[in-house]
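Taking it in order: structure first as structure tokens, then the write-up.
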Amino acid sequence: MLVISTIADLRGHLDAVRAAGATVGFAPTMGALHDGHLSLAAAAAEQCDVVVMSIFVNPTQFGEGEDFSAYPRQLELDLELAQDAGVDVVFTPSVEEMYPADATTTVHVAGLTEMFEGDSRPGHFDGVATIVAKLFAIVGPCRAYFGEKDFQQLAVVTRMAADLDLPVEVVGCPIVREPDGLAMSSRNVYLTPPEREAATVLHRSLRAARAMVEAGERDRAILEAHIASIIDAEPLAELDYVAVVDPVTLQRPDVLASGSSVRILLVARVGIPRLLDNLGIDVA
Ligand code: AMP
């Protein structure tokens, strides 16, 4: 496995890979790797000849008072995990390499970024769209693998790649969960044992809502209220937002149409971290 830290070296290597006729799969991450990240590498390895993973804690997607400096960093362990997962190239640029002092360009995806995470974390998606656009420009033509765990991010990145005609096919991958249902996240390390136990309430509430839909409930507001009541009943959890949305537009339908698909987006704070989860439902 190659470890590359400059833009020029990564470009040169991947241009040669493509010139030799091989395809490139790319999994961008902020490190502190877990099985969710490694599932992206596995999907890339299945569908592409050469797998590239970036490990870069991107400062521009963290807001004031967020955990940029405290974000878990474990490069040595990550390199071992990446190698075991079949990654061929790890890209580990410095902040100076990605953001030279004279850079002034930001990528803004309108519409999809104005609600939910965009509302709770002003500027967050500009940071995400800018770094992902830069990484796509550096990696070049590829398939890029993103987790459905960050569902709005996946929608934003897909829109951005299409709008900017980037030569990248964005592929969404299912959420990888702990055995008790908690969605894997690098930020789960912040949870104390009682909070870790309480954190299962997110997935439980989503499953309860899916059962309601399967039993015939079609009223979006009733479903959201039911999830909110389950989260409220857990003293260590505090609801940030819950929204039943169209999976592409992220708009909330009043009534779930039969034959449609919806996504339930849920964010709750448990102790320090905001935990994100979501669930897709096909409406009969
Ligand atoms: P992060 O390092 O948190 O920026 O995440 C890097 C990529 O891994 C993103 O595309 C995430 O959506 C994805 N990811 C994080 N957690 C999971 C998970 N539990 N299951 C699937 N993908 C995930």
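Note that ligands are numbered from 1 as they come in the structure, with each ligand's atoms numbered from 1 the same way. All residue numbers refer to positions in the sequence shown, counting from 1.
- Residue nearest to atom 6 (C) of ligand 1, selected from G147, P28, S185: P28 (by heavy-atom distance).
- Closest to atom 11 (C) of ligand 1, if we only count protein heavy atoms, is D150 OD2, 3.1 Å.
- Annotation: Y145 places no N or O atom under 3.5 Å from an N or O atom of ligand 1; distance criterion only.
- Contact annotation: for H34 versus ligand 1, heavy atoms closer than 4.0 Å belong to the side chain alone.
- For ligand 1, the polar-atom distance check finds no N/O of A183 at less than 3.5 Å from any of the ligand's N/O atoms.
- Salt bridge status for D15 with R11: absent, with no side-chain N to carboxylate O gap under 4.0 Å.
- A donor-acceptor contact shorter than 3.5 Å links the side chain of R269 to the backbone of I272.
- Below 4.0 Å from some heavy atom of M184 lie the following atoms of ligand 1, by number and element: 16 (N), 17 (C), 18 (C), 19 (N).
- In this structure, the side chain of T130 engages the main chain of V107 through a donor-acceptor pair within 3.5 Å.
- Note that the OG atom of S186 and the CD atom of Q74 stand 7.5 Å from one another [nearest 0.5 Å].
- Considering backbone and side-chain N/O of I175, none are found under 3.5 Å from N/O of ligand 1.
- There is no side-chain donor-acceptor pair under 3.5 Å between E66 and Y71.
- Residue-level proximity to ligand 1 for P174 is carried by the backbone, the only part with a heavy atom below 4.0 angstrom.
- In this structure, E169 pairs ionically with R143, as a charged nitrogen and a carboxylate oxygen lie closer than 4.0 Å.
- Annotation: H37 places an N or O atom under 3.5 Å from an N or O atom of ligand 1; distance criterion only.
- Near F146, meaning under 4.0 Å from one of its heavy atoms, ligand 1 places the atoms 10 (O).
- A donor and an acceptor atom, one from each side chain of S120 and Y241, are nowhere located under 3.5 Å apart.
- Using a 30° and 60° split on the angle between ring planes, Y99 and F56 fall in the tilted class, from 30° to 60°.
- Not a single N or O atom of L40, backbone or side chain, sits closer than 3.5 Å to an N or O atom of ligand 1.
- Close contacts between ligand 1 and K149 involve ligand atoms 16 (N), 17 (C), 18 (C), 23 (C) [criterion: under 4.0 Å to a heavy atom].
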